[in-house]
A.B. asks: 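Here you go, one structure.
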Amino acid sequence: MASRDPLDGARVVLGVTGSIAAYKAVMLASALHQAGAIVEVILTREAAELVRPLSFQAITHRPVHQEMFSLLAETEIGHVTLGHQADVVVVAPATAHTLARLALGLGDDLLATTVLATRAPLVIAPAMETNMLLHPATQGHLRTLRERGAVIVEPEAGHLASGARGVGRLAEPAVILDTVRVVLARRGDLAGWRVVVTAGGTQEPIDPVRVLANRSSGKMGFAVAQAARDRGAQVTLIVGATSVAPPHGVRVIEAPTARTMCEAVLRTIAEADALVMAAAVADYEAAAPAAQKIKKREERLVLELVPTPDILGTVAAQRAAGALPERLLVVGFAAESADLLTHAREKLRRKRLDLIVANDIMAAGSGFGTDTNQVVLLDRSGAERALPLLPKLDVAHALWDHVLALRQQEVRAR
Ligand code: PMT
């Protein structure tokens, strides 16, 4: 399957300025290149004192740009060409001095003229000593840049080059990378969509120590959220227990139990265009969780369970009552160990879904905890599409393709 990464084929200008964190820009350039971006690195004079141009050149397979006026390039007005060609300009790390230059609109080197000349979105990742960052002048420049539309990747707190601890560390390259993806995705086919995705497994307390849990890792739901983010959607991710980290660039709400997940879903879908329930939600909870740890005894322990709220069932009832926006498309999953399609068809109908992802959890490499999944997509019109075993991210993109097709059917039917 072709890459759906917004970075693939994108022309990224990476401006590196004279912060000690400049070495991390080499890792960022490498990650951008590996994701398929064409990376044009501009090194300021000070950055070139800290990290050698050759490092970037070897990684990006492209010449590194340092001089504002190069005789060869100037026949094509080289000092602004990079800005004109860019899909996105990223300044990482950005020093206090560079923030001031960019906020004032100076054109005193190649990076500054590129930022002035471009109409592409600007992503800035500051890195500096805490007092410099918190200085009213720096904060004012950041405000100005934000007001002009620049996306600021907030610096992190931690160990600084000075030896002190504080805020000012360059954000991790993975965070900057995902921010660039979000910015590029503004032109994606889900731009303007607000989507709610659930992921992971719920944990229903039995006592203060023990829970009723399941094997969901969160990978499938996270892939659904990531694919939507990379196609331009604004994503709210409602997360139970997981064994992997959620993607960056989405709003995360923690919901450890079926009840809290139900509340979070109902709170967030009022404004949404789509809900995807990839979470493995417990069907039962303890009738009366013990306030104290249950002690081991010789005799049998009988635990009384009662049904949890059926989240999709509640959503279906609200839809039927006209309490939710008409545009809301609802997607469920069905994790089945036998009679996959029979159960999935029944859930599609009973939960009044627009689409259900029938998930064969017995197939090798499919279901809980795996990086791949084997599914059949069944929609409200009766269409059924079996997919081969695929990486979960590819399954997620196929899901969104199908959701978009359903939306187009609705538009045509009007
Ligand atoms: O997280 P991973 O390790 O990547 O694994 C992925 C997965 C197997 C968890 C996932 O792909 C999946 O199949 N999720 C749905 C699991 C499940 O709970 O299926 P179900 O058939 O029990 O539920 C059907 C649908 O109703 C699901 O969309 C579920 O979220 C929803 N549900 C379930 C119970 C409940 N009380 N309320 C619900 O809304």
Side-chain angles (χ1 to χ4, degrees), residues 3-8 10 12 14 21 24-37 39 87-94 121-127 142 145-146 149-158 167-188 190-191 193-200 217-255 264 268 272 276 278-279 371 391-397 399-400:
S3 166
R4 308 290 286 263
D5 190 332
L7 283 166
D8 192 23
V12 180
L14 173 60
K24 286 195 190 171
V26 179
M27 292 182 252
L28 178 60
S30 170
L32 287 165
H33 177 73
Q34 284 177 46
V39 188
D87 292 311
V88 59
V89 176
V90 183
V91 185
L122 180 61
V123 175
I124 301 176
L142 281 168
L145 290 162
R146 243 188 232 109
V151 175
I152 309 296
V153 189
E154 295 299 335
E156 295 172 358
V167 68
R169 256 166 71 114
L170 182 69
E172 285 306 314
V175 176
I176 302 172
L177 196 75
D178 278 342
T179 306
V180 178
R181 284 194 171 99
V182 169
V183 166
L184 286 168
R186 288 175 186 166
R187 54 192 182 184
L190 286 175
W193 281 57
R194 277 186 270 201
V195 306
V196 176
V197 179
T198 65
S217 62
K219 289 179 185 176
M220 188 64 243
F222 289 173
V224 172
Q226 184 182 328
R229 177 203 72 187
D230 286 352
R231 295 168 74 153
Q234 216 177 300
V235 182
T236 299
L237 182 56
I238 301 174
V239 182
T242 63
S243 55
V244 291
H248 304 292
V250 303
R251 173 182 171 222
V252 174
I253 299 177
E254 288 182 11
T268 49
V276 180
D371 292 327
K392 283 183 172 167
L393 191 58
D394 290 348
V395 173
H397 278 294
L399 180 159
W400 287 117

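None of the values given here were measured: they were computed from a predicted structure.
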A.B. asks: Search all heavy atoms of Ala255 against all heavy atoms of Ile238 and return the closest pair with its distance.
C.D. replies: CB-CG2, 3.7 Å
A.B. asks: How long is the span from the CZ atom in Arg194 to the OG1 atom in Thr236, to the nearest 0.5 Å?
C.D. replies: 9.0 Å
A.B. asks: Look at the side chain of Arg231 and the backbone N and O of His397, then say whether any donor-acceptor pair between them is shorter than 3.5 Å.
C.D. replies: yes
A.B. asks: Which heavy atom of Ala227 sits nearest a heavy atom of Trp400, and at what distance?
C.D. replies: CB-CD1, 3.8 Å
A.B. asks: Got a second to check how far Met220's CE is from Leu393's CG, nearest 0.5 Å?
C.D. replies: 8.0 Å
A.B. asks: Would you say CZ of Arg251 has more than 12 non-hydrogen atoms from neighbouring residues, nucleotides or ligands within 6.0 angstrom?
C.D. replies: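 It does not: Arg251 CZ has 12 such atoms or fewer within range.
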A.B. asks: Do you know which of Leu122, Leu14, Val12 makes side-chain contact (heavy atoms from CB on, under 4.5 Å) with Val89?
C.D. replies: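 That would be Leu122; it is the only one of Leu122, Leu14, Val12 passing the side-chain contact (heavy atoms from CB on, under 4.5 Å) with Val89.
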A.B. asks: Only pairs under 3.5 Å count here: list side-chain donor-acceptor contacts from residues 169-180, not counting sequence neighbours, and write none if there are none.
C.D. replies:
from   : atom 1 : to     : atom 2 : distance (Å)
Asp178 : OD1    : Arg181 : NH1    : 2.8
Asp178 : OD1    : Arg229 : NH2    : 3.3
Asp178 : OD2    : Arg229 : NH1    : 3.4
Thr179 : OG1    : Val175 : O      : 2.8

A.B. asks: Any idea which heavy atoms bring Ala199 and Gly218 closest together, and the distance?
C.D. replies: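 So the minimum-distance heavy-atom pair works out to CB-O, 4.1 Å.
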A.B. asks: Drop me the distance from Leu237's CG to Glu254's CD, to the nearest 0.5 angstrom.
C.D. replies: 10.0 Å
A.B. asks: Could you tell me which residues satisfy salt bridge (Lys or Arg N to Asp or Glu O under 4.0 Å) with Arg187, sequence neighbours excluded, listed by chain and number?
C.D. replies: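 Expected list: Asp87.
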A.B. asks: Which heavy-atom pair separates Val197 from Gly221 by the least distance, and what is that distance?
C.D. replies: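 Minimum heavy-atom contact is CG1-O, 3.5 Å.
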A.B. asks: Would you mind reporting whether Ile152 and Pro126 have side-chain heavy atoms less than 4.5 Å apart?
C.D. replies: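 They are in side-chain contact.
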A.B. asks: Between the main-chain N or O of Gly200 and the side-chain N or O of Thr242, is there a donor-acceptor pair closer than 3.5 Å?
C.D. replies: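 Judged by distance alone, no pair lies under 3.5 Å.
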A.B. asks: Under a 4.5 Å cut-off applied to non-hydrogen side-chain atoms, are Leu399 and Val395 in contact?
C.D. replies: no
A.B. asks: With sequence neighbours excluded, what pairs up with Asp8 under the salt bridge (Lys or Arg N to Asp or Glu O under 4.0 Å) test?
C.D. replies: none
A.B. asks: How far apart are the closest heavy atoms of Ala228 and Val195, and which atoms are they?
C.D. replies: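 Where Ala228 meets Val195 most closely, the heavy atoms are CB-CG2, 3.9 Å.
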A.B. asks: Ignoring hydrogens, what is the shortest heavy-atom contact between Ala92 and Ala25? Give both atom names and the distance.
C.D. replies: O-CB, 3.5 Å
